[in-house]
Amino acid sequence: MRQPVAELIQVDKVYGSGETAVKALDQLSLSVQRGDYLAVMGASGSGKSTAMNILGCLDRPSGGSYRLNGTPVETLNDDQLADLRNRELGFVFQQFHLLPQLTALENVMLPMVYAGVPAAERRQRAETALARVGLAQRLHNKPNQLSGGQQQRVAIARAIINHPAMLLADEPTGALDSRTTAEVLNIFEDLHRSGMTVVMVTHEDDVAARAERIVHFRDGRVLD
């Protein structure tokens with residue numbers, strides 16, 4: 001049996017206090033198994049983005065427990081949380097979040113700087129990752145010299161560069177046309193086939209259909 005990479009156990013998330021308190025997650029339990037390709041769907045306000053932020057160690061639960069590769073995340077201080085996030089997680093967002101002054105190669109190398117990877121190894125690994133997403137000829141282009149689809153490929157290469165335990169993608173095709181969406185989803189499928197655990201938030205049925213498993217959120221819970 002596959003072992004869970006991430007486990008949310010009766011997680012609550014409350015914003016505000018008193019009469020203005022908003023419960024974004026309500027006793028949410030969700031397990032992501034090693035090797036999963038999971039699509040998360042739900043209406044605006046359903047809690048899916050809050051859950052993604054907690055899975056990504058970008059936010060902390062108000063109650064309950066989150067275990068990432070066996071580590072109880074709620075016990076960590078901010079520095080330990082940042083280290084765990086850089087070591088265990090990769091992120092792909094709708095708006096790419098590339099640094100405009102850096103080349104594709106430099107953007108992909110950046111997470112390895114924080115991970116303490118030697119310079120020569122950083123370059124070799126970044127070149128390999130960019131070749132894997134079809135950008136071997138674009139190493140020295142800056143983001144404004146790349147199409148939206150190419151920028152998203154750079155973002156994917158950056159996300160996988162530290163061999164994360166889990167890849168989190170938040171509406172990764174939301175800014176792309178249909179042809180480029182298909183190309184990017186092919187990359188995610190290739191990563192999944194190679195053994196990577198992928199969790200993707202999307203509101204598009206055809207994008208979710210490419211995943212192995214779909215969960216639907218409503219009112220801060222996963223629908224049965």
For this session: Calculate, to the nearest 0.5 Å, the distance between atoms SG and CD belonging to Cys57 and Gln80 respectively.
Result: 11.5 Å

Problem set entry | Residues Lys23, Asp219: salt bridge by 4.0 Å N-O rule | no

Exercise. Taking the side chain as C-beta and beyond, is there a heavy-atom pair between Leu99 and Glu106 under 4.5 Å?
Worked result: no

Problem set entry | CZ (Arg218) with more than 12 external heavy atoms under 6.0 Å | no

Problem set entry | Residue pair Arg87 / Asn69, side-chain donor-acceptor N/O under 3.5 Å | no

Problem set entry | From Asp206 atom CG to Thr202 atom OG1, the distance as rounded to the nearest 0.5 Å | 7.5 Å

Problem set entry | Sole candidate of Gln95, Gln94, His203 that passes side chain to side chain donor-acceptor pair (under 3.5 Å) when paired with Glu171 | His203

Problem set entry | Gln10 and Ser65 side chains, donor-acceptor separation under 3.5 Å | no

Exercise. Does the side chain of Thr197 reach to within under 4.5 Å of the side chain of Val32, using non-hydrogen atoms?
Worked result: yes

Exercise. What heavy-atom pair brings Leu167 and Ala159 nearest, and what distance separates the two atoms?
Worked result: CD1-CB, 3.5 Å

For this session: Pick out which of Val154, Ile156, Val184 makes a side-chain contact (heavy atoms from CB on, under 4.5 Å) with Val133.
Result: Ile156

For this session: Please answer whether the main-chain N or O of Asp177 pairs with a side-chain N or O of Thr181 as donor and acceptor at a distance below 3.5 Å.
Result: yes

Problem set entry | Thr50 side chain to Asn53 side chain, donor-acceptor N/O pair below 3.5 angstrom | no

Exercise. Does a side-chain heavy-atom distance below 4.5 Å link Phe188 with Pro172?
Worked result: yes

Exercise. Of Leu38, Val199, Leu223, which is the lone residue that meets side-chain contact (heavy atoms from CB on, under 4.5 Å) with Val215?
Worked result: Leu38

For this session: Considering non-hydrogen atoms only, spot the tightest contact between Leu135 and Arg153 and give its length.
Result: CD1-CB, 3.5 Å

Exercise. Between Asn186 and Ala182, is there a donor-acceptor pair closer than 3.5 Å when you use the side chain of the first and the backbone of the second?
Worked result: yes

Problem set entry | Test log, rule side chain to side chain contact (heavy atoms under 4.5 Å, CB included), inputs Asp170 and Val92 | CA-CA 6 Å; Asp170 193 357; Val92 181; over 6 Å; no

Exercise. Are Asp12 and Gln27 linked by a side-chain donor-acceptor pair shorter than 3.5 Å?
Worked result: yes

For this session: Check whether the side chains of Ser31 and Gln33 place a donor and an acceptor atom closer than 3.5 Å, and report yes or no.
Result: yes

For this session: Measure up the His97 and Phe93 rings against each other and bin them: parallel (under 30°), tilted (30 to 60°), perpendicular (over 60°).
Result: perpendicular

For this session: Could you give me the CA-CA distance, side-chain angles and deciding distance for Asp26 and Lys13, then say whether salt bridge (charged side-chain N to carboxylate O under 4.0 Å, His left out) is met?
Result: CA-CA 7 Å; Asp26 183 12; Lys13 182 62 185 180; over 6 Å; no

For this session: Report yes if some heavy atom in the side chain of Tyr66 is under 4.5 Å from a heavy atom in the side chain of Leu55; otherwise report no.
Result: yes

Seminar exercise, completed: Note: Gly56 and Phe91 closest approach over all heavy atoms is O-CZ, 3.2 Å

Exercise. Is Leu185 reachable from Ile187 through a run of I, L, V, M, F, W or Y residues, each pair having side-chain heavy atoms under 4.5 Å apart?
Worked result: yes

Exercise. What do the steps show when you test Glu74 against Arg60 for salt bridge (charged side-chain N to carboxylate O under 4.0 Å, His left out), and what is the final call?
Worked result: CA-CA 7 Å; Glu74 63 275 7; Arg60 296 176 182 267; over 6 Å; no

Exercise. Where the side chain of Lys48 meets the backbone of Gly42, is there a donor-acceptor pair that is under 3.5 Å apart?
Worked result: yes

For this session: Measure the CG-CD distance between Leu68 and Glu88 for me, rounded to the nearest 0.5 Å.
Result: 5.5 Å

For this session: Search all heavy atoms of Asn162 against all heavy atoms of Met112 and return the closest pair with its distance.
Result: OD1-CG, 3.3 Å

Problem set entry | Sub-4.5 Å side-chain heavy-atom contact between Met52 and Leu168 | yes

Problem set entry | Shared hydrophobic cluster for Val108 and Leu102 (ILVMFWY, side-chain gaps under 4.5 Å) | no

For this session: I would like to know whether Gln152 and Thr173 meet side chain to side chain contact (heavy atoms under 4.5 Å, CB included); could you show each step before the answer?
Result: CA-CA 9 Å; Gln152 192 61 297; Thr173 62; over 6 Å; no

Problem set entry | Val207 side chain reached by Met200 side chain, heavy atoms, under 4.5 Å | yes

Exercise. So, does Arg125 use its side chain to make a donor-acceptor pair with the main chain of Ile161 at under 3.5 Å?
Worked result: yes

For this session: Verify, without hydrogens or angle tests, whether Gln145 (side chain) and Lys142 (backbone) share a donor-acceptor contact under 3.5 angstrom.
Result: yes

For this session: Verify, without hydrogens or angle tests, whether Thr20 (side chain) and Gly16 (backbone) share a donor-acceptor contact under 3.5 angstrom.
Result: no

Problem set entry | Chi angles and distances behind the side chain to side chain contact (heavy atoms under 4.5 Å, CB included) call for Phe217, Leu28 | CA-CA 10 Å; Phe217 275 57; Leu28 172 69; 3.8 Å; yes

For this session: Specify the closest pair of heavy atoms between Pro164 and Gly90, including all atoms of both residues, with the distance to one decimal.
Result: CB-N, 3.5 Å

Problem set entry | Side-chain donor-acceptor contact under 3.5 Å, Gln151 with Ser147 | no

Exercise. To the nearest 0.5 Å, how far apart are CG in Leu30 and CD1 in Ile9?
Worked result: 11.0 Å

Problem set entry | Shared hydrophobic cluster, Leu76 / Leu89 (ILVMFWY, side-chain heavy atoms < 4.5 Å) | yes

For this session: Take Val198 and Glu189, measure what side chain to side chain contact (heavy atoms under 4.5 Å, CB included) needs, and give me the verdict at the end.
Result: CA-CA 9 Å; Val198 180; Glu189 286 189 355; over 6 Å; no

Exercise. Do Leu58 and Val11 sit in the same hydrophobic cluster, where Ile, Leu, Val, Met, Phe, Trp and Tyr count as joined when their side-chain heavy atoms come under 4.5 Å apart?
Worked result: yes

Problem set entry | Separation between CG of Leu110 and CG of Asn107, rounded to the nearest 0.5 Å | 7.0 Å

Exercise. Is the number of heavy atoms from other residues, nucleotides or ligands within 6.0 Å of CD (Gln137) greater than 12?
Worked result: no

Exercise. Distance from Ser46 atom OG to Leu25 atom CG, nearest 0.5 Å?
Worked result: 9.5 Å

For this session: Kindly give the heavy-atom pair with the smallest separation between Gly35 and Glu212, and that separation in Å.
Result: O-OE1, 4.0 Å

Problem set entry | Beyond-backbone contact of Arg123 with Leu105, side-chain heavy atoms, under 4.5 angstrom | yes

Exercise. Quick check: does any side chain N or O of Asn77 sit under 3.5 Å from a backbone N or O of Asp79, one acting as donor and the other as acceptor?
Worked result: yes

Exercise. Is the shortest heavy-atom distance from the side chain of Leu146 to the side chain of Arg138 under 4.5 Å?
Worked result: yes

Problem set entry | Same cluster (ILVMFWY, side-chain, under 4.5 Å), Met109 and Tyr114 | no

